[in-house]
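Chain A is the first sequence line, chain B the second, and so forth, proteins listed ahead of strands; every chain is numbered from 1.
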Amino acid sequence: MFVKQISVFLENKPGKLSQVTDILEKNDIDISAISIADTTEFGILRMIVNKPEEAVAAIKAEKFPVSTTEVLAVEVADKPGGLNLALQTLNEAGVSIEYLYSFIKRNGKRALILFRVEDPEKAVEVLQSAGIKLYTTEEINSL
Amino acid sequence: MQWNKVRECMSRDQLRSYQFEKLKETIDRVYHNVESYRQKMQERGIIPEDINSLEDLKLLPFTTKQDLRDNYPYNMFAVPLEEIIRIHASSGTTGKPTVVGYTRRDIANWAELIARCLTMGGGKRESVVQISYGYGLFTGGLGFHYGAEKLGAVVVPTSGGNTRRQVMLMKDLKTEILACTPSYALCIAETLEEMGIKHEELNLKAGIFGAEPWSDNMRKELESKLGLKALDIYGLSEVIGPGVACECMEQQGLHIFEDFFIPEIIDPITEEPLPEGERGELVITTIDKEGLPVIRYKTRDITSISYEHCPCGRTHARIEKLLGRTDDMLIIRGVNVFPSQIESALMIAGDAEPHYLIIVDRKDNLDSMEVLVEVSEKLFADEVRKLEEVRRKIISSIYTTLGINVNVKLVEPHTIERTEGKSKRVIDKRKL
């Protein structure tokens, strides 16, 4: 029920991000979601890609610190209140969110949001019992 | 095991009378053969006959690197140039290099010293010894080379650089003893990881690392990554080169070879001798050197001395692992800081690699210190919060060690320059 996310440590300097996208292009890797958390000195680039293992190996080979994290790909209705339903559900269950960002791709009228939560197992349980769909890596790749 | 048991384990009384005899000879020689020593002694109203005991050594004037510069290149040599068979020179980062000369006997003595050091590391005739110190004007490479040959070891003179090839040879030739700078040893350890070679696949038994100060924590790291016993060797070209002192397997200080050198510890400011155990500047007098004898040479290295009995059986005094140099010492807001202390603080903070760079600056008349630390794979976390926590931990560890607050900046791996010789740890931008 989890999707593999890649995180890369980047110094806050011009050209750093494009070095990583360049590696991905050379390895023919497709990005389906991307976000950057930044501080004044460094940033953490987070991505969902179609070939995570290959991406990790290629980025590692260029000496960037990289790690993988399991995140939830949550389907929400693309209308007012769509995201709120998912957030309310997590809130009621007392699951706090570390961060979230959205997918580039959509599934028809539905949007996809990536969640990194403190208690992933519990989040899966409460979201599914509220009838909210979670995507697997395969499902995302086939969109 | 000692290379020269008679000399290395002689009783303190015997040693002292031997030292006195050799000291007399040396003073006599420099007084008559080296103009600048004679002048300095005359200024103090001292003649060689005034030296009647080892304690009288302190009547003699100090020698500094500046004296060697002022007498560049040959004027401090105590023998005619035809007796000299080798020249080495120190890296002259400021102005002219320091040129040192060796007679045939000096080269043989130096080889004796290195053979003792290699024996301390368990070296034998059948040991494969890889010398990854630079060969050339730097004393490291050739100094070790002659000593390893004297030992009768299987000498592999790889010099520095081309690390992947070094590693390949190390594995294939079954190197047992590695001699290089500690920072290059770390570079070799990283290359092993990159090449996917485990240290269990190698035959390394001991590393003899020197030419720059390094911490006990770095020792632990090198020992676990390379699977060897890491020993510290000390030396400086003005005195002879590497082999002035070396650690035995006890790793409780470096035995200074007192049948060749008389050590003293002085207060670097007042120049007064300090008692056993107190830290100060190491001063060395050579008592068995022909080409370039030095009298009370101020090494600028900070250490302490111990005459306590060592379980290894050697009677020669031990100096504490070098803490830093009087000229590496940074004074930040009035606090004395040695780069090696930052290194220890990083290791204590956890998984930080000892790759760091200290940048000192002065803003609005206040010293500021920033430490760049590389983020290793182990250190990296997906969350900003956790990385900030790592940073805070390093800051607090440095605060605990030095009592000053510094800024710590996390940088990508391999962005701090790696050197294959001595490493640059400090950039001081202050304009005073």
Side-chain angles (χ1 to χ4, degrees), chain A residues 2-20 22-23 33-49 52 55-72 96-101 114-120, chain B residues 163-164 186-187 189-197 346 349-359 361 363 368-395 398 405-418:
Chain A
F2 299 108
V3 174
K4 199 166 264 179
Q5 167 192 266
I6 299 171
S7 309
V8 187
F9 177 88
L10 295 177
E11 268 177 67
N12 215 342
K13 272 189 197 159
K16 282 288 168 193
L17 181 57
S18 67
Q19 279 179 23
V20 178
D22 198 47
I23 296 167
I34 186 164
S35 105
I36 291 185
D38 73 311
T39 71
T40 47
E41 283 161 3
F42 62 85
I44 300 172
L45 168 67
R46 303 185 179 116
M47 294 176 295
I48 306 294
V49 298
V56 167
I59 295 168
K60 211 178 236 183
E62 299 296 323
K63 315 253 189 226
F64 285 98
V66 53
S67 70
T68 56
T69 317
E70 309 261 88
V71 293
L72 295 170
S96 42
I97 296 160
E98 303 279 351
Y99 54 80
L100 61 79
Y101 57 104
L114 289 155
F115 282 72
R116 165 83 175 142
V117 294
E118 227 165 40
D119 187 347
Chain B
T163 313
R164 286 183 163 252
L186 205 57
C187 177
E190 281 179 354
T191 307
L192 276 182
E193 275 171 30
E194 275 172 29
M195 292 170 75
I197 298 174
L346 286 180
D351 290 330
E353 294 281 330
H355 290 300
Y356 63 92
L357 182 68
I358 300 166
I359 299 174
D361 207 343
K363 281 169 200 149
S368 68
M369 186 164 133
E370 183 173 62
V371 182
L372 307 189
V373 182
E374 289 188 359
V375 173
S376 66
E377 194 80 18
K378 282 183 289 183
L379 211 64
F380 178 54
D382 167 56
E383 285 158 44
V384 173
R385 198 153 46 94
K386 287 189 183 142
L387 282 175
E388 287 291 352
E389 200 180 302
V390 167
R391 211 172 70 87
R392 269 198 300 277
K393 222 164 121 188
I394 295 172
I395 291 173
I398 293 175
N405 264 312
V406 302
N407 183 32
V408 169
K409 188 173 172 181
L410 300 176
V411 298
E412 286 166 19
H414 298 269
T415 49
I416 294 171
E417 199 188 334
R418 296 290 193 281

Problem set entry | Interface moiety of A/I6 toward chain B, non-hydrogen atoms closer than 4.5 Å | neither

Exercise. A/E11 and B/L410: which non-hydrogen atoms are nearest, and at how many Å?
Worked result: CG-O, 4.3 Å

Exercise. Going by heavy atoms in the side chains, are B/E388 and A/F42 under 4.5 Å from each other?
Worked result: yes

Exercise. Is any side-chain heavy atom of B/L387 less than 4.5 Å from a side-chain heavy atom of A/F9?
Worked result: yes

Seminar exercise, completed: For residues 58-71 of chain A, the side chain to side chain donor-acceptor pair (under 3.5 Å) pairs (sequence neighbours left out) are A/K63-B/E194

For this session: State, to 0.1 Å, how close B/F380 and A/I44 come at their nearest heavy-atom pair, and which atoms those are.
Result: CZ-CG2, 4.2 Å

Exercise. Given side chains that start at C-beta, do those of B/V408 and A/E41 come closer than 4.5 Å, heavy atoms only?
Worked result: no

Exercise. Taking it one step at a time, do A/K16 and B/E412 satisfy salt bridge (Lys or Arg N to Asp or Glu O under 4.0 Å)?
Worked result: CA-CA 10 Å; A/K16 282 288 168 193; B/E412 286 166 19; 2.9 Å; yes

Exercise. Looking only at heavy atoms, what is the nearest atom pair of B/D382 and A/R46, with distance?
Worked result: O-NH2, 2.8 Å

Seminar exercise, completed: A/D22 meets the salt bridge (charged side-chain N to carboxylate O under 4.0 Å, His left out) criterion, sequence neighbours left out, with A/K26

Problem set entry | chain B contact via A/V66 - side chain, backbone, both or neither, heavy atoms under 4.5 Å | both

